[in-house]
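Below, read A as the first sequence line, B as the second, and so on, with proteins coming before strands; counting in each chain starts at 1. Since the model is a prediction, treat every value here as computed from it, not as a measurement.
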Amino acid sequence: MIPPVSGPDGMALYAAIMAGGALAGALGALLGLGGGIFLVPFLTLALDVPIRQALAASLVTVIATSTAISSGAGRRLINERLGLVLEIATVAGSLVGGVTAVAVSPAMLHVMFGVCMFAIAAVLLTRLDARNVIADPDADPGLLGGRFYEEETSRVVVYRVTRLPLALAGSFVAGNVSTLLGIGGGIMKVPLLNAFCGVPIRVAAATSAFMIGVTATSGAVIYFGRGELVPAMAAAAVLGVRLGSGAGLRFSERVPVRRIKQIMILVLVLVGALMLSDL
Amino acid sequence: MRSEAATRGGIMAWLLRAATVVSTALLAAGMVLALFAPRMPGANALLTAGLVILMITPVTTLLTAMAGEAAEGDWRFVAIGGVVIALLAGSLVVAFL
C-alpha cells in the first residue's frame, strides 16, 4: 500500500523512489537502457511497492530516459531507419507476450533470461576492442548503416549493419521479455547489436534509447488507462531519472568505448545473477 | 539531403526538449503541491498532465522520423513506421477490450 504523499512516511518513500530513479537514469543514459531492470526490483523488494504499480512507474521512467538521451548529445548517433525496422519486431514480440506468459513458467523465463545475459556478456567480453567502424568516411554504409563523428579518433567513420535477421529475432525476444518483466528491452538490444550486428556501441545505445521509448509507451498507456499508474510515485521516479540521466549523459561523453563495454558486461552479469537467484 | 536530416534532427531535439521541460515543470509543481500543500487542489491534475505529455513524446519522435523519411522520398521507411504505429494502436485496442 502506497502511503499519502505528505507526512514523514510519504516523504521518505518518495525520496527513496526519486533516488532509485536517479540511479536508473544515470545507468540508462550511460548504457542506452531504460533502467527498468533496476527500478522494478528496487521498488518491489526494497520499498514493498505492489508489482503492477512498480511496472507502471518503471515504464514511465523508461520513456523519461529515452527522451533524455534522444534530445541530448546522443541524438546525432540515433539510427532512425534501423530503429524503425527493429521496432516492428519489438512491438510484435510484446504483443505475443501474453502467449509466452502462458507457455513459459516465470521460473523458466528467469532462467532463460539469466543465461542469455551471461552469454551476451561473454561474447561482449571477447569483443572489448572491436569498434565496428570503417575508417573511410566515403565507404558505402548500405541501406541500414550510417556514419558519425567519432570522438575517440576525431574523424567521421562508417558502419554497416550485419546479421539483420538476428537483430530482428533479438528485438522480438526483447519485446516479448519487456512485456513480461516490465522493462524496456535495451539490456538485450544494445549488447546484441554491438556484439553480433556490426553496430558501434554508442550508436547501439542511442538507437536503443529511441526504440525503448516507443515500446514503453504502449505499456505505460495501458497501465495508465487501467488506473495502475500512481501519479505521485511515477512523478518522483521520473524527476529522479531527470537528475540521474543528466549526470549519466555528461559522464558518458568522457568515458572511452572500452569502459562503456566493461560497465555493460558488469551490468549484464549482475542482472543475470539477479534473475537466476530469484527462482 | 544532409541538411534536411540535420533540420529534422533539430526539430526532433526541439520537440523532445520542449516536452521534457514542460513535463518536468508540471511534475515538479505537482510534487511540491502534493508534499507541502496537500489540501490545495490541483496536484493530481498537474502530475497527470505531466505524465500524459511524457507518454506521448516518443510517438511524436516516431512521427517526426517518418516525416523526415517522407521528405526524403523514401516511402519504405514511412510504411515501416506506419506498421509500428498500427501495431502500437492494435496493442492498445487489445488491452482495453
Inset, instruction - Please flag which part of T24(B) lies under 4.5 Å from any non-hydrogen atom of chain A: side chain, backbone, both or neither. - result: both
Legend entry - R242(A), part contacting chain B, at a heavy-atom distance under 4.5 Å: side chain
Legend entry - Which portion of L84(A) sits near chain B, non-hydrogen atoms under 4.5 angstrom: both
Inset, instruction - Compare all side-chain heavy atoms of M31(B) with those of Y14(A) and state whether any distance is below 4.5 angstrom. - result: yes
Legend entry - Considering all heavy atoms, the nearest P231(A)-N44(B) contact: CG-OD1, 3.8 Å
Inset, instruction - Starting from the C-alpha separation in whole Å, work towards a yes-or-no answer on side chain to side chain contact (heavy atoms under 4.5 Å, CB included) for T217(A) and L88(B). - result: CA-CA 9 Å; T217(A) 295; L88(B) 285 173; 5.8 Å; no
Inset, instruction - Select one option (side chain, backbone, both, neither) describing which atoms of V238(A) are under 4.5 Å from chain B's heavy atoms. - result: side chain
Inset, instruction - State, with a plain yes or no, whether a side-chain heavy atom of M211(A) is found less than 4.5 Å away from one of P58(B). - result: no
Legend entry - Result of checking V84(B), L62(B), V83(B) against E87(A) for side-chain contact (heavy atoms from CB on, under 4.5 Å): V84(B)
Inset, instruction - Report the C-alpha separation of R17(B) and T67(A) in whole Å, then their side-chain angles, then the decisive distance to 0.1 Å, and conclude whether the side chain to side chain contact (heavy atoms under 4.5 Å, CB included) test is met. - result: CA-CA 8 Å; R17(B) 275 199 292 271; T67(A) 55; over 6 Å; no
Inset, instruction - Select, from V60(A), V214(A), L229(A), the one with the greatest count of heavy-atom pairs under 4.5 Å involving chain B. - result: V214(A)
Inset, instruction - Can you tell which part of I212(A) gets under 4.5 Å to a heavy atom of chain B, answering side chain, backbone, both or neither? - result: neither
Inset, instruction - Go through the atoms of I80(B) and report whether side chain, backbone, both or neither lie under 4.5 Å from a heavy atom of chain A. - result: both
Inset, instruction - Side chain from CB out, backbone as N, CA, C, O: work out which of these in L144(A) comes under 4.5 Å of a heavy atom of chain B, or both, or neither. - result: side chain
Inset, instruction - Taking the side chain as every heavy atom from C-beta outward, state whether M66(B) and E80(A) have any atom pair closer than 4.5 Å. - result: no
